[in-house]
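Reviewing the structure listed below.
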There are 2 protein chains.
Amino acid sequence: MDEKARARYEARARIIKAMAHPTRLLFVDELAKGERCVCELNEMVHADVSTISKHLAVLKNAGIVQDEKRGSRVFYSLVAPCVLNFFSCVEGVLEAQAKERAELVS
Amino acid sequence: MDEKARARYEARARIIKAMAHPTRLLFVDELAKGERCVCELNEMVHADVSTISKHLAVLKNAGIVQDEKRGSRVFYSLVAPCVLNFFSCVEGVLEAQAKERAELVS
DNA sequence: TGGTTATTTGGCAAAATAGCCAAGCGATTA
DNA sequence: TAATCGCTTGGCTATTTTGCCAAATAACCA
């Protein structure tokens, strides 16, 4: 594999890595319904606001969400809705795993 | 968020995390073309065989690939081809980012 | 102006991940 | 049987990620 190809896979991995956290997946799921301010997202999770803010920064850096300050609040919204497609795939994999585990028992 | 929802997002994140590495993305891409033995995958990457083996174990544990021993070799194949859909999405995000960076310069 | 609210940043410690080497193990060949 | 091949596992260190706290900033209200 040449250097260029390696860089491409690294760039791809960077984006996917941004999705690889339960809290961030929850946020993406929520933002699919519309924009939300940090305070709203904060209410959904048991974590420090600074932690929330850093998770959102990760998503923003990856180009998955964008932010817009209005008044004293910052609103985040989804700019790459295609990441929602990840869910159906992942759900399918989880179901297959559950099925397999069930068969092992029987 | 209740305990059950949290567990669901954690399970999802586990699968996505398995995809969040350049080498593993390369392997998935390669396995999309057909099964490959560890030795073939090893040739594609500058890394110790043990490292390769561990990456494959991560993908297998996540339910993305499966393995089958035939003779002295172990062949891996893709069992969740839907993960290939990740690529087109990620590619789109990368393009959008490149475009934005280009606009910042101009 | 001073205080409060909303959010980000810096810094740190704990946890998870990555990758190398050495060792182990089953299958194959000599 | 001994040596080799293909692969996995254990163990270790280096790096990255996570999440908390404290501090900084910006907008708003009194």
Side-chain angles (χ1 to χ4, degrees), chain A residues 1 3 6-7 9-28 30-31 34-77, chain B residues 1 3 6-7 9-28 30-31 34-77:
Chain A
M1 186 173 44
E3 192 59 31
R6 214 174 52 81
Y9 281 107
E10 267 171 24
R12 290 169 170 176
R14 234 179 299 127
I15 314 259
I16 296 179
K17 209 181 293 188
M19 292 286 292
H21 191 286
T23 301
R24 297 198 290 266
L25 284 181
L26 171 69
F27 288 171
V28 164
E30 180 68 14
L31 294 177
E35 63 169 23
R36 297 282 187 274
C37 67
V38 177
C39 51
E40 285 171 311
L41 296 172
N42 188 23
E43 283 173 7
M44 303 182 69
V45 172
H46 297 305
D48 198 274
V49 201
S50 69
T51 300
I52 307 297
S53 182
K54 278 175 184 173
H55 278 309
L56 289 167
V58 169
L59 287 171
K60 183 183 164 187
N61 259 302
I64 295 168
V65 305
Q66 69 184 173
D67 62 342
E68 187 192 339
K69 182 156 191 170
R70 288 206 302 275
S72 65
R73 294 186 182 180
V74 176
F75 290 87
Y76 280 84
S77 56
Chain B
M1 187 173 45
E3 192 58 30
R6 213 173 53 79
Y9 281 107
E10 267 171 23
R12 289 169 171 177
R14 232 179 302 128
I15 314 259
I16 296 179
K17 208 180 293 186
M19 292 285 293
H21 190 285
T23 301
R24 296 199 291 265
L25 284 181
L26 170 70
F27 288 170
V28 164
E30 181 67 14
L31 293 177
E35 64 170 23
R36 297 284 186 274
C37 66
V38 178
C39 51
E40 285 171 312
L41 296 172
N42 188 22
E43 281 173 10
M44 304 182 70
V45 172
H46 296 306
D48 198 272
V49 200
S50 69
T51 301
I52 307 297
S53 182
K54 279 175 184 174
H55 279 310
L56 289 168
V58 169
L59 287 171
K60 182 184 164 186
N61 259 301
I64 296 168
V65 305
Q66 67 185 173
D67 61 342
E68 187 192 338
K69 182 154 191 169
R70 289 207 300 276
S72 66
R73 295 186 182 180
V74 177
F75 291 88
Y76 281 83
S77 56

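First the proteins, then the strands, lettered A, B, ... as listed; each starts at 1.
Of the listed nucleotides (C/dT7, C/dG19, C/dT8), C/dT8 has the atom at the smallest distance from the side chain of A/Ser53. Residue A/Tyr76 has its side chain nearest to C/dT8 when only C/dT8, D/dC7, C/dT7 are considered. When distances are taken from the side chain of B/Asp48 to each of C/dC21, D/dC7, D/dC20, the shortest belongs to C/dC21.
Residues from residues 58-74 of chain B with heavy atoms under 4.0 angstrom of DNA chain D, sorted by number: B/Ser72, B/Arg73, B/Val74.
Residue A/Phe27 contributes atom CZ, which lies 10 Å from atom P of D/dG19 at whole-angstrom precision. In this structure, B/Ile52 places its CD1 atom 16 Å from C1' of D/dT9, rounding to the nearest Å. Spacing between atom NE2 of B/His55 and atom C1' of D/dC7 amounts to 15 Å, rounded to whole angstrom units. Per the geometry, NE2 belonging to B/His46 stands 18 Å off C1' belonging to C/dA18, to the nearest Å. Counting to the nearest Å, the C1' atom of C/dG19 and the CG atom of B/Leu56 are 14 Å from each other. The CG atom of B/Leu25 sits 15 Å away from the C1' atom of C/dA18 (whole-angstrom rounding). One atom, CZ of A/Arg36, and another, P of C/dT7, lie 14 Å apart when rounded to the nearest Å.
With rounding to the nearest 0.5 angstrom, the CD atom of A/Glu3 is 8.0 Å from the CD atom of A/Glu10.
Residues satisfying the side-chain contact (heavy atoms from CB on, under 4.5 Å) criterion with B/His55, sequence neighbours excluded, are B/His21, B/Thr23, B/Arg24, B/Phe27, B/Thr51. Every side-chain contact (heavy atoms from CB on, under 4.5 Å) that B/Lys69 has, sequence neighbours left out, goes to B/Val74. A search for side-chain contact (heavy atoms from CB on, under 4.5 Å) contacts involving A/Ala11 returns A/Arg14, B/Leu94, not counting sequence neighbours.
Under 3.5 Å, the side chain of B/Ser50 and the base of C/dC21 form at least one donor-acceptor pair of N or O atoms.
A/Arg6 forms no cation-pi arrangement with A/Tyr9, by the criterion of a distance under 6.0 Å to the ring centre and an angle within 45° of the ring axis.
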Chi angles and distances behind the side-chain contact (heavy atoms from CB on, under 4.5 Å) call for A/Asp67, A/Leu56: CA-CA 9 Å; A/Asp67 62 342; A/Leu56 289 167; over 6 Å; no

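The shortest side-chain heavy-atom distance between A/Met19 and A/Leu25 falls under the 4.5 Å cut-off. When side chains are defined from C-beta on, A/Cys39 counts as touching A/Arg73, because their heavy atoms get closer than 4.5 Å.
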Grab the N/O contacts between the protein and nucleotides 11-17 of chain D below 3.5 Å, and write none if there aren't any.
unit_1, atom_1, unit_2, atom_2, d
D/dG11, O6, B/Lys54, NZ, 2.5

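Residue B/Val49 is classed as a base contact, given a heavy-atom separation below 4.0 Å to a base. Residue contacts shown for A/Phe75 are absent, as no nucleic acid heavy atom lies under 4.0 Å away.
In this model, the phosphate group of C/dC20 is approached by a side-chain N or O of B/Thr51 to a distance below 4.0 Å at OP1 or OP2.
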Review item, side-chain donor-acceptor pairs of residues 40-47 of chain B, under 3.5 Å, at least two apart:
unit_1, atom_1, unit_2, atom_2, d
B/Glu40, OE1, B/Cys37, N, 2.9

